[in-house]
Amino acid sequence: MELEDLGYNDKLENLRIENNLKDFEIGRVISEHKERYIVKTEKGEFESEITGNLRFSAKSREDFPAVGDWVALTTYDSDFSIIHKILPRYSIISRQAVGQFGEIQIIATNIDYALLVQAVDRDFNINRLERYLTICYSTKVSPIIVLTKTDLITKQVKAEIIESINQRIKNTPIFAISNETQDGYEALKLIIEKGKTFCMLGSSGVGKSTLLNNLSGRSIMRTDSISQITSKGRHVTSHRELIVLDNGGILIDNPGMREVGIVDTAYGLETTFDKIFSLAQDCKFKDCTHTNETGCSVLKSLENGELDKSSYENFLKMEREKSHFESSIFERRKKDKDFGKMIKNYKKDTSKNKY
Ligand SMILES: Nc1nc2c(ncn2[C@@H]2O[C@H](COP(=O)(O)OP(=O)(O)OP(=O)(O)O)[C@@H](O)[C@H]2O)c(=O)[nH]1
Ligand SMILES: [Mg+2]
Ligand SMILES: [Zn+2]
């Protein structure tokens, strides 16, 4: 195995030189389990931990390694290593941590393409697709929609579903496949290029691991049918995992996601809802909320049917969520700052007492 097989390239080599990491070995994090990482290098796979320095200087979850990361490490024995530094990330797929406002959870890093996997059964939901798109567009990840379980529906229903996506989502490739019959596989395989990293995102039970196993020709990930009764909180895949396919493509499997809370989206919403943003240019008021203002060109397009109502409502919901997230981040930082001040004052006080 060469580093190039894991996606290493000249850009990364330059980063390594710029960051004075010539003396270390380089590897890629292929799985993570509670602050223990498996890192793959040219020599093999290493169980890895981070240096104390890296841990103590970490300010948030983003400062810890994640699946997909390139790291500088020192290897010991045949299977243990210490991670010294994380190379700057090219892209970061993240979401709002479930149940913790203002906290970011990294799903994977250094991703080129995200496969947004949805089954054409009850799982199918365009609002959720727009949510995933927003996550992709807020970082440098190209989205690809993958519809699974097409063996369960007729050709006509399949065409209708694709048409309904086209109505709302532009410029995103759509692949419809069946993991049962492997219908649609040929087309999908063509886009999985050597040296590029693909990350699968989607709910539990849509067939992500089945797809990975089929593409790799091996049973790497466990797959299972999920009974309706026990489906609550049960996920077959429990951790992220990076796998190199025979054709050279690099694929990351993920546990199914129930909630996809969007985080800071620099251009996420703008790109996903570009139609609304371009309409908004013509609104009478610069700070128009597009909900009840006169002279709102978004509302006008909604009334005359040019703008899809569900898409508009989904946009408003995510926009609210984004503001909420930003204010909770602000609150959190403020609290951390106050806490930092308190510690500082405390230290001052104790040093005063000493003398
Ligand atoms: N009929 C049909 N069943 C499928 C298809 N793809 C997957 N399945 C079945 O759906 C079930 C779930 O598949 P998995 O691959 O484990 O789903 P997953 O997305 O990895 O689920 P998590 O790991 O929980 O996120 C299994 O029983 C699969 O056999 C498909 O295209 N058609
Ligand atoms: Mg799985
Ligand atoms: Zn408006």
Side-chain angles (χ1 to χ4, degrees), residues 31 67 95 98 107-108 114-125 128 132 145-154 157-158 161 175-185 187-188 198-216 218-228 230-243 251-260 269-270 273 275-304 306-307 312-313 315-316 319:
S31 86
V67 172
R95 68 164 169 174
V98 176
I107 293 164
L115 300 180
L116 313 182
V117 187
Q118 276 199 356
V120 292
D121 55 13
R122 284 182 315 142
D123 180 64
F124 180 68
N125 182 314
R128 196 161 357 96
Y132 281 120
I145 296 170
V146 179
L147 302 171
T148 58
K149 308 200 184 183
T150 56
D151 52 285
L152 301 177
I153 54 170
T154 62
V157 173
K158 183 167 97 178
I161 287 179
F175 292 87
I177 62 159
S178 162
N179 288 320
E180 280 288 309
T181 65
Q182 306 221 346
D183 184 43
Y185 263 48
L188 183 62
F198 296 77
C199 180
M200 291 192 285
L201 303 173
S203 311
S204 188
V206 297
K208 298 181 294 298
S209 301
T210 310
L211 175 62
L212 183 142
N213 285 345
N214 289 350
L215 288 175
S216 72
R218 289 167 285 167
S219 286
I220 298 172
M221 305 299 294
R222 205 165 67 81
T223 63
D224 206 351
S225 56
I226 296 171
S227 82
Q228 302 302 329
T230 60
S231 71
K232 261 196 186 159
R234 204 184 128 204
H235 298 264
V236 176
T237 304
S238 60
H239 61 279
R240 305 171 215 297
E241 181 117 14
L242 179 150
I243 277 132
L251 206 52
I252 296 178
D253 193 7
N254 271 299
M257 287 194 259
R258 191 182 295 275
E259 285 172 47
V260 209
L269 288 173
E270 280 86 340
F273 299 98
K275 189 170 175 183
I276 294 180
F277 278 85
S278 75
L279 284 168
Q281 306 254 304
D282 298 328
C283 292
K284 189 172 163 193
F285 304 108
K286 274 273 146 297
D287 59 350
C288 187
T289 63
H290 323 305
T291 49
N292 51 25
E293 291 88 346
T294 53
C296 170
S297 89
V298 175
L299 288 175
K300 203 175 117 203
S301 294
L302 197 62
E303 270 155 35
N304 66 26
E306 261 173 59
L307 182 64
Y312 163 78
E313 283 167 356
F315 161 74
L316 286 185
E319 176 112 310

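Note that ligands are numbered from 1 as they come in the structure, with each ligand's atoms numbered from 1 the same way.
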**Request:** To the nearest 10 degrees, calculate the angle at the Zn ion (ligand 3) involving SG of C288 and SG of C283.
**Result:** 110°
**Item:** Salt bridge present between D123 and K149 (N-O < 4.0 angstrom)
**Value:** no
**Complete:** Closest to atom 18 (P) of ligand 1 by heavy-atom distance, out of E180, K208, Q182, K149, is K208
**Request:** Of the side chain and backbone of D151, name the one, both, or neither that has a heavy atom under 4.0 Å from an atom of ligand 1.
**Result:** side chain
**Prompt:** Within less than 2.8 Å of the Mg ion (ligand 2), any N, O or S from S209?
**Reply:** yes
**Asked** Can you tell which part of D253 has a heavy atom less than 4.0 Å from ligand 1: side chain, backbone, both or neither?
**Response** neither
**Request:** Ignoring angles and geometry beyond distance, decide whether I177 reaches within less than 3.5 Å of ligand 1 through its nitrogen or oxygen atoms.
**Result:** no
**Prompt:** Would you say S178's side chain and T150's backbone share a donor-acceptor pair under 3.5 angstrom?
**Reply:** no
**Main-chain N/O of G207 paired to N179 side chain as donor or acceptor, under 3.5 Å** = yes
**Request:** Without swapping roles, check the side chain of K208 against the backbone of L115 for a donor-acceptor pair under 3.5 Å.
**Result:** no
**Message:** Testing the 3.5 Å rule here: is there a donor-acceptor pair between the side chains of D151 and T181?
**Reply:** no
**Check: T289 main-chain N/O paired with E293 side-chain donor or acceptor under 3.5 Å** = yes
**Asked** the Zn ion (ligand 3) is nearest to which N, O or S atom of H290?
**Response** ND1
**Request:** Look at the side chain of R95 and the backbone N and O of Y132, then say whether any donor-acceptor pair between them is shorter than 3.5 Å.
**Result:** no
**A119 contact mode with ligand 1 (heavy-atom cut-off under 4.0 Å)** = neither
**Item:** Close N or O approach (T150, ligand 1; < 3.5 Å)
**Value:** no
**Message:** Do the side chains of K158 and D183 get close enough for a salt bridge, i.e. N-O under 4.0 angstrom?
**Reply:** yes
**Request:** Within a distance under 4.0 Å of any heavy atom of N179, pick out the atoms of ligand 1 and give their elements.
**Result:** 5 (C), 6 (N), 7 (C), 30 (C), 31 (O)
**Test of proximity, G207 against ligand 1: N or O pairs below 3.5 Å** = yes
**Request:** Spell out, as yes or no, whether a donor-acceptor pair under 3.5 Å connects the side chain of R240 to the backbone of I107.
**Result:** yes
**Message:** Using a 4.0 Å cut-off to any heavy atom of P255, which atoms of ligand 1 qualify?
**Reply:** 25 (O)
**Request:** Spell out, as yes or no, whether a donor-acceptor pair under 3.5 Å connects the side chain of E241 to the backbone of N254.
**Result:** no
**Request:** Using a strict 4.0 Å cut-off to heavy atoms of L152, name the atoms of ligand 1 that fall inside it.
**Result:** 1 (N)
**Asked** Can you find an N or O of T148 that's nearer than 3.5 Å to an N or O of ligand 1?
**Response** no
**Request:** Could you say whether the N/O atoms of V206 and ligand 1 ever approach to under 3.5 Å?
**Result:** yes
